[in-house]
Amino acid sequence: MPLAAHAKALRPIRSHVSLLPLLAHLHPEAIVARRGDDAITLRRFLADIARVVAVLPDCRHMLNLCADRYHFAVGLAANMVTGRISLLPSTHTPETLRQMAAFAPDCQILSDGGEADAHRYPLPVTAFPTLSTAAEAVTGERDVPRLAPAQHIAWVFTSGSTGVPQPHRKCWGRLAISTHATAAALGLDPTRPATFVGTVPPQHMFGFESTVLLSWLTGGAFDAGRPFYPADIAATLAHAPAPVVLVTTPFHLRTVLDEGIPLPTIDRVISATAPLPVELAHRAEAGFGAPLFEIYGSTETGQIATRRSATTPTWTLTRDVQLTVSAGKYWISGEQIDAPTPLGDLIEIVDARHFSLRGRNEDLINIAGKRTSLDYLNRQLCAIPGVRDGAFHLPAAERDGHVTRLAAFVVAPDIHEAHLRAALRERIDAAFMPRPLIYRDSLPRNATGKLPRASCEALLAAHYQARGKARHARSRSLTLAADHPACVGHFPGRPIVPGVVLLDRAARALAAESGLQEPCWRVGSVKFIRAIKPGVDVQLEWQAPGANGAIAFSLSDGAGVIASGSLNPATGAA
Amino acid sequence: MSTTPSCADEALIAEVAELIVSALNLENPASSIAADAPLFGDGLGLDSIDILEVALVVSKRYGFSLRADNTDNLKIFSSLRSLADYIAAHRVS
């Protein structure tokens with residue numbers, strides 16, 4: 001949709017509101033961000049904004065791809081003080097960047113990815129400049145920039161249902177209202193500015209609001225990095241000055257808690273992007289010694305509700321938001337939203353300030369916090385040359401706390417799977433890549449051309465059954481009895497299964513499975529990779545006999561391969 | 001194990017390949033993962049969700065926690081061999 005189509009009449013912001021500051025920090029030495037031991041002051045932040053302003057190209061729209069949260073924030077601020085508009089798409093695939101260029105043809109990229117980035121994108125790239133040092137920032141701008149509430153600062157995009165990202169206008173006044181309301185709902189103490197540590201990128205709406213905007217407008221500081229592995233997250237939290245707020249997702253929380261490492265006590269945990277299982281909320285509160293708040297929101301509305309998930313399943317609207325029912329839909333309105341907006345989720349109203357979630361619209365997809373719609377994905381799949389028909393499917397089966405991946409069915413007799421996957425990766429976020437991608441001669445569409453969920457489930461079940469059968473033919477489980485006499489005595493008190501016992505059990509099982517009568521096995525090769533305890537179930541897998549009759553086999557347990565090798569059921573004397 | 005190699009041998013590489021396949025429930029056999037091909041993006045096609053899942057299994061299996069120290073988070077996972085080398089250098093069991 002071209003820009004002009006969005007120049008609709010918008011609800012005016014209250015006229016008595018005057019210019020709003022970019023951030024709440026007042027003293028030039030107030031800390032705005034931290035990178036390791038480096039505390040970046042307001043004075044340096046203002047100097048860095050000036051440096052970026054000096055290199056910004058002559059264009060109105062910027063796509064800020066800086067991976068460093070501080071770089072992103074400086075770039076965003078530079079855009080704001082020069083009246084530029086930031087584009088925030090939900091993903092950065094080549095196809096999305098082309099769509100951004102079509103939406104705003106003047107758009108250019110700001111990147112901190114170094115030399116390699118200059119030629120990676122289909123749009124002109126401006127390199128993020130060298131930052132100022134504390135000494136260099138002593139002179140220069142000291143006033144915090146102020147912006148008109150109605151200043152349009154960003155277009156945030158949802159994937160929409162037409163295959164083209166849908167833009168949503170964000171102006172500064174409404175973002176500020178929403179951010180202040182969220183801070184109040186989270187109970188952040190304005191007299192004790194927090195350090196925000198985010199595991200989510202600043203370009204994502206949740207990360208944008210809950211790391212950059214929340215710290216700007218509450219006088220806090222954010223960590224410039226984005227700790228990834230659980231041990232990195234724990235170390236960053238432990239290193240950050242109190243009070244510390246962790247901004248994360250259910251998926252990251254689960255991996256941090258499952259890692260079993262010591263966690264520091266912090267002040268708040270904030271989770272969003274997907275519903276958090278209550279059991280995980282309890283574990284997080286115990287692990288971090290802090291209340292956990294979930295935030296509910298959408299790209300269209302911003303953050304609109306919170307809940308203390310360990311104590312209640314009910315969401316409380318933030319103070320400036322209203323929820324109403326009209327024409328069978330639930331509408332969100334309030335000072336922070338341009339116009340009343342329908343919710344994509346199915347909800348139940350508890351009272352004027354509270355609601356509970358009852359499920360999602362079936363077309364909407366959320367994989368580890370990344371959102372899109374089946375329609376969007378299907379259009380991307382079918383747009384690949386050579387694809388005659390295709391459909392994505394969200395499998396019903398869920399592994400608790402794990403990420404469920406999409407499946408896809410495709411009719412594309414002339415395209416190899418690797419080629420099709422590469423083409424798809426150009427178009428959709430990696431989180432939505434199908435597993436499995438199932439080739440079919442045709443799709444069982446009904447009379448109206450639809451592919452019902454039940455049909456998709458049946459196709460998927462058939463696929464797994466076929467795969468299971470293929471596996472079953474050459475796999476079986478073995479139980480290694482705990483009382484086998486050979487198991488005791490290897491290590492006092494810690495018996496292990498000797499390799500020769502493993503080999504013996506494998507050979508006997510292979511003889512039985514192959515219908516061989518007392519074969520005289522020759523060991524081609526065998527590798528014992530890891531010792532195991534007696535009494536566990538192991539999986540024996542083998543391949544069809546090779547030309548010389550040798551059978552390659554492997555033994556594994558839930559954690560991987562224990563032993564592998566080949567055995568030859570030679571006849572005659574060994 | 002008496003010594004800690006800093007370079008993974010073929011057995012460890014095969015073992016880590018199996019670990020990836022089982023942790024992620026992949027359809028392709030472990031033997032199809034080339035030691036030097038990229039694991040994410042154009043290679044095996046893993047993403048950051050997979051990498052955290054594998055990192056968790058690696059920490060349980062080899063007794064250490066992966067760290068990137070805010071440098072390139074995905075560098076350890078640039079290939080099967082680089083992951084196996086990292087494990088060989090850090091494993092405690």
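Just so it is clear: chains get the letters A, B, ... in the order the sequence lines come, proteins before strands, and each one is counted from 1.
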Between A/Arg35, A/Arg530, A/Lys527, A/His252, which residue shows the highest count of heavy-atom pairs closer than 4.5 Å to chain B? A/Arg530
In terms of relative ring orientation, are B/Phe64 and B/Tyr86 parallel, tilted or perpendicular, with 30° and 60° separating the classes? tilted
CZ of A/Phe72 to CG of A/Asp112, rounded to nearest 0.5 Å, is 11.0 Å
The reported gap from CD1 in B/Ile76 to CD1 in B/Ile87 (rounded to nearest 0.5 angstrom) is 9.5 Å
Select, from B/Ile49, B/Leu66, B/Ile51, the one with the greatest count of heavy-atom pairs under 4.5 Å involving chain A. B/Ile49
Contacting moiety of A/Arg421, where chain B heavy atoms sit under 4.5 Å: neither
Does any backbone or side-chain atom of B/Ile20 lie under 4.5 Å from a heavy atom of chain A? Answer side chain, backbone, both or neither. neither
Scanning both residues in full, the closest heavy-atom pair of A/Pro202 with A/Arg69 reads N-NH1, 3.7 Å
Whatever's closer than 4.5 Å to a heavy atom in chain B on A/Ala422 counts as neither
Where on A/His239 is there a heavy atom nearer than 4.5 Å to chain B: the side chain, the backbone, both, or neither? neither
Can you tell me how far CZ of A/Arg254 sits from OG of A/Ser271, rounded to the nearest 0.5 angstrom? 13.0 Å
